[in-house]
Number of protein chains: 2
Amino acid sequence: MTYAIAEAAHRTGLSIDTLRYYERIELIDPPARDSGGRRAYTDSDLDWLTFLTRLRTTGMPIRLMREYARLRHQGPASAVPRKRILERHRADVLARVAELRSCLEVLDYKIDNYERMAACEAGAPAAAVPELREATA
Amino acid sequence: MTYAIAEAAHRTGLSIDTLRYYERIELIDPPARDSGGRRAYTDSDLDWLTFLTRLRTTGMPIRLMREYARLRHQGPASAVPRKRILERHRADVLARVAELRSCLEVLDYKIDNYERMAACEAGAPAAAVPELREATA
DNA sequence: GTAGGAGCTGGAGTGCGCTCCAGGTCAACC
DNA sequence: GGTTGACCTGGAGCGCACTCCAGCTCCTAC
């Protein structure tokens, strides 16, 4: 079973242009071609693309994905450095999640302030409540 | 208490160029100037910059930060739309965290595979274990 | 009074990750 | 056999968020 580029794009959530771009920059191997010279993606091509989208979603820079792709070509021999790349990336992603969480607290605090402002507005003007001024300014 | 641009950069973690850039694009108000025409940032300037870095860290695009900054100028009257922006952004950040988590599972699975490969290598060759081939390929 | 360092301005340049385009080929359908 | 539509190539262009630069001014310290 193979897929034309439009179908591959649909299945991976990437655009047709992005698929060709990933091929140009050697993130993926050139897929097989059909009799008319058109790209024919296999299921395993799509699996790899899907994995790449996970890496991209988690913010891995393309040059590192390329490095990973390059290592993949060397087969089992490169398992150790590939694992190392993924482990390092996992650590980065965990750090990112922690960072987002901590920013979320600030966001929650700010939103809360706006809520309290709205509550006050029904009673006293916000300007009369000192600890709310920062949020209004 | 005011701060020269280098000190403001140090305290906010932004670069001097970024501070001037944020001013140019109207993310921040032009700070006061000292007698020699140099920028003099106040604590409240820094507070705002710090908050902006939280928004940026969480991936808010600059044009939305600008919109928020613009609303801020209108004072308490714009509290409602500002709150709405933050709430929407919070939802985006939560979604992002969930997405990262789900990608982390894939990452964990892959790393686990590499671990099992290494374990097998001590015994049988990896190629002899069908469910590991995908990871080695 | 002069050398050095921080800061100033307007504008150009950069890196990333796509995205778009012109001009052509090919297969299929009417 | 003509038209349509998907796909092809090489290369240019884009949006974002900075980052860097040249050439200048100003204050400070010697």
Side-chain angles (χ1 to χ4, degrees), chain A residues 2-42 45-46 48-69 89 92 96 99 103, chain B residues 2-42 45-46 48-69 89 92 96 99 103:
Chain A
T2 65
Y3 311 92
I5 196 165
E7 180 65 17
H10 180 71
R11 285 179 186 242
T12 56
L14 297 166
S15 73
I16 289 175
D17 272 316
T18 299
L19 287 177
R20 288 196 279 241
Y21 167 66
Y22 280 4
E23 187 182 331
R24 263 213 298 273
I25 65 172
E26 298 179 288
L27 251 191
I28 59 178
D29 295 331
R33 299 290 178 124
D34 68 12
S35 61
R38 292 170 197 169
R39 289 171 182 82
Y41 293 87
T42 63
D45 288 338
L46 296 199
W48 171 237
L49 277 164
T50 301
F51 181 58
L52 285 178
T53 63
R54 298 279 174 277
L55 295 182
R56 188 199 55 171
T57 295
T58 48
M60 183 183 281
I62 277 187
R63 69 176 180 288
L64 195 49
M65 290 198 255
R66 278 190 64 192
E67 169 71 4
Y68 187 86
H89 184 56
D92 289 348
R96 181 94 186 105
E99 190 180 48
C103 287
Chain B
T2 65
Y3 310 92
I5 196 165
E7 181 65 17
H10 179 72
R11 286 181 184 240
T12 57
L14 297 167
S15 74
I16 290 176
D17 271 316
T18 299
L19 287 177
R20 288 195 281 240
Y21 166 67
Y22 280 4
E23 186 182 332
R24 264 214 296 276
I25 64 172
E26 297 179 291
L27 251 189
I28 60 178
D29 295 333
R33 299 289 178 125
D34 68 12
S35 61
R38 292 170 197 170
R39 289 169 181 80
Y41 294 88
T42 64
D45 288 338
L46 296 200
W48 172 235
L49 277 164
T50 300
F51 181 59
L52 285 179
T53 64
R54 299 277 173 279
L55 295 182
R56 188 198 55 170
T57 295
T58 48
M60 183 182 281
I62 277 186
R63 68 173 182 289
L64 195 49
M65 290 198 257
R66 279 189 63 190
E67 169 71 4
Y68 187 86
H89 184 56
D92 289 348
R96 180 95 186 105
E99 189 180 49
C103 288

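The chains referred to below are lettered A, B, ... by the order of the sequence lines, with proteins before strands, and numbering in each begins at 1.
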Figure out the [atom1]/[atom2] separation between [X] and [N], and round it to whole Å.
{"X": "B/E23", "N": "D/dA17", "atom1": "CD", "atom2": "C1'", "result": "17 Å"}
{"X": "B/I25", "N": "C/dG11", "atom1": "CD1", "atom2": "P", "result": "17 Å"}
{"X": "B/I5", "N": "D/dC26", "atom1": "CD1", "atom2": "P", "result": "17 Å"}
{"X": "B/I62", "N": "D/dA17", "atom1": "CD1", "atom2": "P", "result": "5 Å"}
{"X": "B/E26", "N": "D/dA17", "atom1": "CD", "atom2": "P", "result": "16 Å"}
{"X": "A/L19", "N": "C/dG17", "atom1": "CG", "atom2": "P", "result": "16 Å"}
{"X": "B/I16", "N": "C/dG5", "atom1": "CD1", "atom2": "P", "result": "15 Å"}
{"X": "A/R63", "N": "C/dG15", "atom1": "CZ", "atom2": "P", "result": "12 Å"}

Side chain of [X] only, heavy atoms from C-beta on: which candidate in [options] is closest?
{"X": "A/D17", "options": "D/dC20, C/dT19, D/dC7", "value": "C/dT19"}
{"X": "B/Y21", "options": "C/dG17, D/dA17, C/dA27", "value": "D/dA17"}
{"X": "A/R24", "options": "D/dA17, D/dA12, D/dC20", "value": "D/dA12"}

Closest heavy-atom pair and its distance - [X], [Y]:
{"X": "B/C103", "Y": "A/T57", "value": "SG-CG2, 3.9 Å"}
{"X": "A/M60", "Y": "A/L64", "value": "CG-CB, 3.8 Å"}
{"X": "A/A8", "Y": "A/L46", "value": "CB-CD2, 3.8 Å"}

With a 4.0 Å cutoff (strictly under), does any side-chain N or O of [X] reach OP1 or OP2 of [N]?
{"X": "B/R39", "N": "C/dC8", "value": "yes"}
{"X": "B/Y22", "N": "D/dC18", "value": "yes"}
{"X": "A/T18", "N": "C/dG17", "value": "no"}

Query - Distance-only donor-acceptor test, A/R38 side-chain atoms vs C/dC26 base atoms, 3.5 Å - result: yes
Query raised in the report: Ignoring hydrogens and angles, are the base of D/dC8 and the side chain of A/R20 linked by a donor-acceptor pair under 3.5 Å?
Result: no
**Report entry** B/E67/B/R63 ion pair, N-O < 4.0 Å
**Finding:** no
Requested in this report: Taking only Lys NZ, Arg NE, NH1 and NH2, and the carboxylate oxygens of Asp or Glu, determine whether B/R96 and B/E99 approach each other closer than 4.0 Å.
Outcome: yes
Report summary line: Comparing B/A40 with A/G59, nearest DNA chain C nucleotide closer to 5' gives the residue B/A40
Requested in this report: Have a look at A/R33 and say if it touches a base, only the backbone sugar-phosphate, or nothing, with a 4.0 Å heavy-atom cut-off.
Outcome: sugar-phosphate
Query - Nearest-nucleotide 5' precedence on DNA chain D, B/P61 against B/G37 - result: B/P61
